[in-house]
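Okay, structure first, notes after.
In the text below, chain A, chain B and the rest are named by the order of the sequence lines, each starting its count at 1.
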Amino acid sequence: MSLIEELRWRGLLHQQTHDDLEARLAKEPITCYAGFDPTADSLHVGSMIPIIGLMHLQRAGHRPIILVGGGTGLIGDPSFKAAERALLTKEDVARNVARIQKQLEHFLDFTGPNAAVVRDNGDWLSQLPLIDFLRDIGKHFSVNAMLSKDSVRQRLEDRDHGISYTEFTYSLLQAYDFLALFEKEACRLQLGGSDQWGNIVAGIDLVRRIHGEETYGFTLPLVTKSDGSKFGKSETGNVWLDPARTSPYTFYQFWLNQADADTSRYLRFYTFLEHAAIEDLERQIAEEPHKRAAQRALAEAVTRMVHGDAALANAIEASEAMFSGDLKGLDEATLNDVFAEVPSAVIPHSVLGAGRGLIDVLVEAQVFPSKGEARRLIQNGGLYLNSERIDDAETPLNAASLLTGNIAIVRKGKKNYHLLRFE
RNA sequence: GGUGGGUUGCCCGAGUGGCUAAAGGGGACGGGCUGUAAACCCGUUGGCGUAAUGUCUACGAAGGUUCGAAUCCUUCACCCACCA
């Protein structure tokens, strides 16, 4: 199966610029790149898709370049955005570039004949004299054509927001990136999210006009959910790749909780499992959905790829502890580990003997914003202390409230844990 | 610049003197069912309070009328429509 067939089978090929891309890829190894915006200091599950694309290319023998946008990040991509973007400071961009680069390095192989490389477009964009840029690059772009692009049109129609000259120029800078990588690295293929189509085509045109050479591009799909809500959000917000922002446990849970209708697509997008294995999991979704074998396989594969085996093992252990309902058998070290990322409050040991009500202490520990809310939850049967339901709002807090010597576990609803640590 | 309409709780939206902490919907949260799902059903959704016909805060802002105002009056701010 050719690389393009493989990508197509996985649903990863959205649009391609040339019908003969498949033949070109089969002919000889190609150098390809995808760009990553340093708008935050971490990538998230949505922005992982182009990395997956690069991984497939590298596995097929091609040479991937990770391009981080240390230059373009100072401008901001206006494509399909509703409003002018706030500019990041140079320091922020530099910091984000460094962190994202480190994150990305973990997905590709930097050794061997088709070792991946990392480039930062700040290296050439920040050195670019404006006059040269306008003479050599700007001349090749028709404003009329740029104005008609979908990616900028909505900003032109919106009189409240408009688009600045700065953002308008973004597309040229990105086209220039392709030219620069073509010249410096003999790079002939760009991939990106579906919102990058216009920028990719602009780059290909520029290389053709200046060098008369043909380069290629394709886009990967935007990841969507079958129920129409936005992909990549958990209860607590965006799902990031950085374990400091989204813990491996939350990350694992995010995948485990995917809807049946979406899991098959995500297995194809995000894992490198064999076709037969994926088809088998798809059959299991249809035949015995309650076992969630596909979700488990998805969560395991992606968590392992992003966070490694040890973090995956912890995430599974924590999941079992939290959802088995019984915490009693666990020792303090395990508890600390399992609940490491859960919000915790430190309470002086002395309150245990003070005859305080549980609710009072929980409000003080900021487990609840008000006593009324705590009472309401108890009334609805949603508060648990050490996995036992609390049904009396007047329950006192004392030594019997402890799970182990120093720890008590409060649960709000099914999944919302708080750790109380007594010192 | 003129005229008219608007600004209500997380969001939308009803309410034109007391029965209004404010209908209804959405969202969110909890419970049930279940597969840590979807759908569905039930409940909760300003603070304090065990509770009350309790108390404080709240209907763009500030004043005023009234026993009593989200509701009436005045000024200010912002938004929208039409006219110039």
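- Atom pair A:Lys371:NZ and B:A51:C1' shows a separation of 15 Å (rounding to whole Å applied).
- Between the P atom of B:U36 and the CZ atom of A:Phe251 lies a distance of 22 Å, rounded to the nearest Å.
- Nucleotide B:C72: paired with B:G64 (Watson-Crick or G-U wobble, both distances less than 3.5 Å).
- Listed nucleotides B:G35, B:A37, B:G47 differ in distance to A:Lys415; the shortest reach to its side chain belongs to B:A37.
- Comparing B:G6 with B:C59, their C1' atoms sit 14 Å apart, to the nearest whole Å.
- Closest to the A:Asn380 side chain, of the nucleotides B:G30, B:G35, B:U36, is B:G30.
- Phosphate contact (OP1/OP2 of B:A37, side-chain N/O of A:Lys225, threshold under 4.0 Å): absent.
- Residue A:Gln253 places a side-chain atom within donor-acceptor reach of the base of B:U36, judged by atom type and a 3.5 Å distance cut-off alone.
- The nearest heavy atom of RNA chain B to A:His290 and to A:Pro369 marks one nucleotide each, and the one closer to the 5' end goes with A:His290.
- As rounded to the nearest Å, B:C40 and B:A14 have P atoms that lie 26 Å from one another.
- Nucleotides B:G32 and B:A37 are separated by 15 Å at their C1' atoms, to the nearest Å.
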Should A:Phe251 and A:Trp240 be marked as a ring pair (Phe, Tyr, Trp, His ring centres under 6.0 Å) after you check the CA-CA gap, both sets of side-chain angles, and the distance that decides it? CA-CA 8 Å; A:Phe251 189 85; A:Trp240 302 92; over 10 Å; no
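- Judged by Watson-Crick or G-U wobble contacts below 3.5 Å, the nucleotide B:C82 has B:G2 as its partner.
- Separation of the P atoms belonging to B:A21 and B:G27 is 27 Å when rounded to the nearest angstrom.
- Look at CG on A:Leu256: it is 13 Å from P on B:A38, rounded to the nearest Å.
- In terms of heavy-atom proximity, A:Ser401 sits nearest to A:Pro396 at OG-O, 3.8 Å.
- Taking every side-chain heavy atom of A:Leu377 into account, B:G30 is the closest of B:A37, B:G35, B:G30.
- Across all strands shown, B:U45 is found opposite B:G27 as a Watson-Crick or G-U wobble partner, with both distances under 3.5 Å.
- B:C19: no Watson-Crick or G-U partner with both key distances under 3.5 Å is found in any strand.
- Side-chain proximity of A:Arg389 to the nucleotides B:U36, B:G43, B:G31 is greatest for B:G31.
- Atom P of B:C48 sits at a distance of 31 Å from the matching atom of B:C33, rounded to the whole Å.
- Using C1' as the reference atom, B:U44 and B:G68 are 31 Å apart when rounded to the nearest Å.
- Remark: P of B:C33 and NZ of A:Lys414 are 8 Å apart, rounded to the nearest angstrom.
- Both distances falling under 3.5 Å, in either a Watson-Crick or a G-U wobble arrangement, occur for no nucleotide opposite B:A51.
- Of the P atoms belonging to B:G17 and B:C12, the separation is 25 Å, rounded to the nearest Å.
- The environment of CD in A:Glu274 is sparse: at most 12 heavy-atom neighbours from other residues, nucleotides or ligands sit within 6.0 Å.
- With salt bridges taken as basic N to acidic carboxylate O contacts below 4.0 Å, none links A:Glu5 and A:Arg10.
- Proximity note for A:Arg376 (side chain, C-beta onward) versus B:G35, B:G31, B:U45: the nearest is B:U45.
- Within the 4.0 angstrom heavy-atom criterion, no nucleotide atom of any strand lies near A:Gln379.
- Ring centers of A:Phe339 and A:Tyr249: at least 6.0 Å apart, outside the cut-off.
- If you take CG of A:Asp260 and P of B:A39, they are 12 Å apart, rounded to a whole angstrom.
- Comparing the P positions of B:G35 and B:G47 gives an interatomic distance of 36 Å, to the nearest angstrom.
- A:Asn114 contributes a side-chain N or O that, together with a main-chain N or O of A:Gln58, makes up a donor-acceptor pair within less than 3.5 Å.
- Straight-line distance from the CZ atom of A:Arg375 to the C1' atom of B:U44: 14 Å, rounded to whole Å.
- Remark: A:Ser319 is not in phosphate contact with B:U36, judged by side-chain N or O atoms under 4.0 Å from OP1 or OP2.
- The 12-atom threshold is exceeded at CG of A:Asp392, counting heavy atoms of other residues, nucleotides or ligands nearer than 6.0 Å.
- Going from atom CG of A:Leu298 over to atom P of B:G35 covers 21 Å, rounded to whole Å.
- A straight line from OH of A:Tyr266 to P of B:A37 spans 17 Å, rounded to a whole angstrom.
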